[in-house]
Participant: 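I am attaching a structure below and will ask some questions about it afterwards.
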There are 2 protein chains.
Amino acid sequence: MARLVAERSDVLPVLGEVFREHGFEGASLSVITGATGLGKGSLYHFFPGGKEEMAMAVLDEIDTWFQVNVYQPLRDGQDARAGIDHMFTAVEQYFRSGHRVCLVGVFALNNTRDRFADQVQSYFADWTAALNKALTRAGYETAAARSLTEDILGGIQGALVLARAMNDPKIFSRSLKRLREQLDL
Amino acid sequence: MARLVAERSDVLPVLGEVFREHGFEGASLSVITGATGLGKGSLYHFFPGGKEEMAMAVLDEIDTWFQVNVYQPLRDGQDARAGIDHMFTAVEQYFRSGHRVCLVGVFALNNTRDRFADQVQSYFADWTAALNKALTRAGYETAAARSLTEDILGGIQGALVLARAMNDPKIFSRSLKRLREQLDL
DNA sequence: AAAAATATGTACCAATTGGTACAATGACAA
DNA sequence: TTGTCATTGTACCAATTGGTACATATTTTT
């Protein structure tokens, strides 16, 4: 069902990158039209709710991606260890080895969080629950699993901040590697 | 030399909180005048360079604070272990046990970083150098110290992101405690 | 091909943006 | 008290903001 004209879903990845780069406030309509190549007419046709609906749609797409590629393997995979290993691989790729930043993290840090509180909250809550379950299934005690989960999710977010702040993506890959090895699966 | 009228330095903490809460783009002049209680006249008298100079001044103040309260104790304290322990205490207080976010992190994540690249970079570079030196002095091997430094700085930033995203400041305190204990000083 | 539905460009809108100009006010020292 | 300098409020500015209206394409369906 491919069309020549743009589809709503085609523009979501571009919107995602725009919001990552500029934040929600900084992503002005003119920036968005420039990056997507779509005029206001098209934009408001696809997203009648304006910027807020665009960001919501992006967050939804991100949620779906993580559900499929990260949370479900963690929760339901036969081998818990394999699910965890798969998570690290998926994360390394998703964040482009530290070249890409976490949109949810970007939104979370300032007052943009309040606009999208539910989606921001559940992004990390779902991830936490899934990883926690996997670690438990892999043999960790309840308390240890809980701590490890926080350390790993925090470690990922922090490594993204550091990598971008120092303009050195390798910081992310190195950190991810250590987080993984710390588990000696 | 206290004066009845406002001083430039009096307004810096307020500006800091405004930029934390709204980010650089989101901190409009009207938000700033509202939060500081100063009109544009005063604001542009103290900061002729406008918003950019305000943010620069805030970043400078932050840098000074960390130099005095974190980096120097790490670098020059007689007891390296005490310096590290002091760092954790200072950080726990500075970030108000997870109620406050890191302004440099906020700026780092989106394109605001490019405006303040030097200050963002050196905030983490200086911290990294100081902590690395302290860990080395405390007995860690070169490679181990380097990894630990990244883990600790990343862990702090990530914990701040998580705490704010989940709206649960305790995540920060818990993470900080584990990072500290991991060192068994 | 005609009709219906989808998609898009253009013009327009009030509100807000960051910033300037400047006169009036305040403090303070000679 | 007079003069100097720091401080502040107000009015103003062009540019941009997010958003709407709508007529015109462009597809898709019939």
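Numbers restart at 1 for each chain; the letters A, B, ... are given by sequence-line order, proteins then strands.
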Participant: Name the atoms and distances for all side-chain donor-acceptor pairs under 3.5 Å in residues 103-112 of chain B, with sequence neighbours left out.
Facilitator:
| residue | atom | partner | partner atom | Å |
| --- | --- | --- | --- | --- |
| B:Asn110 | OD1 | B:Thr112 | N | 2.9 |
| B:Asn110 | OD1 | B:Thr112 | OG1 | 2.7 |
| B:Asn111 | ND2 | A:His22 | ND1 | 3.1 |

Participant: Round to a whole Å and report the spacing from CG of B:Leu38 to C1' of D:dT10.
Facilitator: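 Roughly 16 Å, once rounded to whole Å.
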Participant: Look at the rings of B:Phe24 and B:Phe116 and say which category their plane angle falls in: under 30° parallel, 30 to 60° tilted, over 60° perpendicular.
Facilitator: perpendicular
Participant: Using rotation axes that map the C1' atoms of four end pairs onto the next four (five pairs an end), what angle separates the end axes of the helix from C:dA1-D:dT30 to C:dA30-D:dT1, to 10°?
Facilitator: 10°
Participant: Nearest whole Å is fine: how far is D:dA6 C1' from B:Arg8 CZ?
Facilitator: 15 Å
Participant: For C:dT8 and A:His45 - does any side-chain N or O of the residue sit under 4.0 Å from the phosphate oxygens OP1/OP2?
Facilitator: no
Participant: With a 4.0 Å cut-off, would you call A:Glu150 and B:Arg178 a salt bridge?
Facilitator: yes
Participant: Any idea how B:Trp65 and B:Tyr94 line up, ring-wise: parallel (<30°), tilted (30 to 60°), or perpendicular (>60°)?
Facilitator: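 Ring orientation, 0 to 90° scale: tilted.
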Participant: Checking A:Glu53 against A:Arg8 for the salt bridge (charged side-chain N to carboxylate O under 4.0 Å, His left out) test, could you report, in this order, the C-alpha distance in whole Å, the side-chain angles of both residues, the deciding distance, and whether it holds?
Facilitator: CA-CA 12 Å; A:Glu53 187 173 344; A:Arg8 197 183 126 114; 3.4 Å; yes
Participant: A:Phe124 vs A:Trp127 aromatic rings, parallel, tilted or perpendicular, using cut-offs 30° and 60°?
Facilitator: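 Ring orientation, 0 to 90° scale: parallel.
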Participant: Look at A:Arg100 together with A:Glu17 and state whether they make a salt bridge at an N to O cut-off of under 4.0 Å.
Facilitator: yes
Participant: Between the protein and nucleotides 15-19 of chain D, are there any N/O to N/O pairs under 3.5 Å, and if so, what are the atom names and distances?
Facilitator:
| residue | atom | partner | partner atom | Å |
| --- | --- | --- | --- | --- |
| D:dT17 | OP1 | A:Ser28 | OG | 3.2 |
| D:dT17 | OP2 | A:Ser30 | OG | 3.3 |
| D:dG18 | OP1 | A:Lys51 | NZ | 3.0 |
| D:dG18 | OP2 | A:Leu29 | N | 2.5 |
| D:dG19 | OP2 | A:Tyr44 | OH | 2.6 |
| D:dG19 | OP2 | A:Lys51 | N | 3.4 |
| D:dG19 | O5' | A:Tyr44 | OH | 3.2 |
| D:dG19 | N7 | A:Lys40 | NZ | 2.9 |
| D:dG19 | O6 | A:Lys40 | NZ | 2.1 |

Participant: Check A:Arg113 with B:Glu21, please: is the shortest side-chain N to carboxylate O separation under 4.0 Å?
Facilitator: no
